[in-house]
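What follows is a short report on a single structure.
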Amino acid sequence: MARRPGAPAPYGEEFSFVSPLVKYLLFFFNMLFWVISMVMVGVGVYARLMKHAAALAYLEVDPAILLIVVGVLMFLLTFCGCIGSLRENICLLQTFSFCLTIVFLLQLAAGVLGFVFSDKARGKVNEIINNAIVHYRDDLDLQNLIDFGQKKWAFLQFSCCGGISYKDWSQNMYFNCSDDNPSRERCSVPYSCCLPTPNQAVINTMCGQGMQDFDYLEASKVIYTNGCIDKLVNWIHSNLFLLGGVALGLAIPQLVGILLSQILVNQIKDQIKLQLYNQQHRADPWY
């Protein structure tokens, strides 16, 4: 059939603006993080069920609950990305892109605020650590986390004890130095504060016995005397490039997801316009 002079050349019925590469790349991208989110929820639920009914986490939030919440949010977000890309649903894709943009901006704002208000951030960290010290014996998970942080590790090199100093452990009722404290651990520090002993076959869990009674010079022969806050701050200052690389590694997948979703949304819109154009001109005798 003849085409009206000046009319645009029609696309074939089989033509599609939607790129299969973009569509399925976005789908598998979201599928990967969708599986990761289910693993996070599973681990969080398992960790929470393994706690005693009366056990509480004395950091700002229970890590198990935090893992569950983050996992559920990631599950919902990546679900929108998966179904939106597979079904070419503009609403789901825009929801995915919008939420991912909000997450990225919140992370960026948190990093900037943490840098600008470093003193307040340091005070908040100090408050969290002191609260954790007070409840050291109340939650086994919390106890293991503190012991892990205080030991000397090849990568972190924290090698610290307490928040500001090793004497912070007097805030704990078991390690308190008061005369009326009947605990066998009175005026002691946890074994994780002790200097490592070469070729030690059995860990001496009583190596920190009575260390709070000694001054810094004497105690430093047996335990770490510097607090973990200063060690953490110094480590951050010494590894800014590493932290920047980690931040970039977290940001790139988010930016890729936002970019792919917006490209796919525009392609779907172009495809809808093409379908409407074909429908309107299919009955035109000059088409």
Side-chain angles (χ1 to χ4, degrees), residues 57-63 66-67 70 106-137 139 141-172 175-177 187-198 200 203-205 207-252:
Y58 296 97
L59 298 174
E60 289 301 300
V61 66
D62 189 336
L66 182 61
L67 201 62
V70 172
L106 288 176
Q107 291 176 345
L108 184 62
V112 172
L113 291 176
F115 180 79
V116 174
F117 301 101
S118 56
D119 291 338
K120 291 185 178 181
R122 180 190 177 100
K124 188 63 176 179
V125 171
N126 187 35
E127 178 185 339
I128 293 174
I129 291 178
N130 287 334
N131 192 34
I133 288 175
V134 170
H135 300 285
Y136 175 74
R137 293 295 190 197
D139 189 338
D141 292 338
L142 179 64
Q143 180 176 319
N144 291 334
L145 180 62
I146 294 175
D147 287 335
F148 178 86
Q150 292 189 145
K151 292 178 182 179
K152 179 178 180 179
W153 300 97
F155 174 63
L156 296 178
Q157 295 283 336
F158 280 173
S159 307
C160 56
C161 186
I164 304 300
S165 75
Y166 67 102
K167 291 186 179 290
D168 288 340
W169 280 102
S170 192
Q171 299 176 67
N172 185 279
F175 299 108
N176 190 275
C177 290
C187 237
S188 301
V189 295
Y191 78 94
S192 55
C193 289
C194 297
L195 299 174
T197 302
Q200 186 180 29
I203 298 177
N204 179 15
T205 57
C207 58
Q209 188 72 28
M211 284 295 109
Q212 292 187 60
D213 281 330
F214 295 93
D215 58 27
Y216 277 83
L217 185 59
E218 293 178 332
S220 63
K221 299 177 182 178
V222 182
I223 64 172
Y224 305 117
T225 53
N226 293 326
C228 294
I229 295 179
D230 289 335
K231 287 281 188 176
L232 177 61
V233 171
N234 292 336
W235 183 86
I236 291 175
H237 288 165
S238 302
N239 295 273
L240 289 177
F241 286 108
L242 174 63
L243 294 175
V246 172
L248 184 62
L250 294 174
I252 287 178

Without swapping roles, check the side chain of [X] against the backbone of [Y] for a donor-acceptor pair under 3.5 Å.
| X | Y | result |
| --- | --- | --- |
| Q150 | G162 | yes |
| N234 | K231 | no |
| S170 | K167 | no |

Contacts of [X] that satisfy side chain to side chain contact (heavy atoms under 4.5 Å, CB included) - sequence neighbours left out:
| X | answer |
| --- | --- |
| I203 | Y191, T205 |
| N204 | Q200, M206, C207 |
| L248 | I252 |
| V134 | Q171 |

(request) May I ask you to check if the distance between the SG atoms of C177 and C187 is under 2.5 Å? (result)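 Cysteines C177 and C187 qualify as a disulfide pair, their SG atoms being under 2.5 Å apart.
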Among all residues two or more places apart in sequence or in another chain, which pass the side chain to side chain donor-acceptor pair (under 3.5 Å) test with [X]?
| X | value |
| --- | --- |
| D213 | none |
| N176 | S178 |
| D230 | R122 |
| E218 | none |

Find the distance between [atom1] ([X]) and [atom2] ([Y]) and round it off to the nearest 0.5 Å.
| X | Y | atom1 | atom2 | answer |
| --- | --- | --- | --- | --- |
| I229 | I164 | CD1 | CD1 | 4.0 Å |
| Y216 | T225 | OH | OG1 | 7.0 Å |
| K151 | S192 | NZ | OG | 7.0 Å |
| Q143 | H135 | CD | NE2 | 14.0 Å |
| S159 | Y224 | OG | OH | 4.0 Å |
| I133 | I146 | CD1 | CD1 | 6.5 Å |

Looking at every heavy atom in both [X] and [Y], which two are closest together, and how far apart are they?
| X | Y | answer |
| --- | --- | --- |
| G208 | C194 | N-SG, 3.5 Å |
| Q212 | V189 | CG-CG1, 4.1 Å |
| I129 | G163 | CG2-CA, 3.8 Å |

(request) Give the intermediate values and the outcome of disulfide bond (SG atoms under 2.5 Å apart) for residues C228 and C160. (result) CA-CA 5 Å; C228 294; C160 56; 2.0 Å; yes
(message) Quick one, C193 and Y166 - any side-chain contact, counting heavy atoms below 4.5 Å?
(response)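 Heavy-atom side-chain distance check fails, nothing below 4.5 Å.
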(request) Indicate yes or no: at least one non-hydrogen side-chain atom of P190 is less than 4.5 angstrom from one of F175. (result)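 Touching, per the 4.5 Å side-chain cut-off.
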(request) Just do the side-chain contact (heavy atoms from CB on, under 4.5 Å) check on L243 and I236 with the steps written out, would you? (result) CA-CA 8 Å; L243 294 175; I236 291 175; 3.7 Å; yes
(message) Going by ring-ring contact (aromatic ring centres under 6.0 Å, His included), name the residues that satisfy it together with F214, two or more places apart in sequence or in a different chain.
(response)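 Listed in chain order: nothing, the list is empty.
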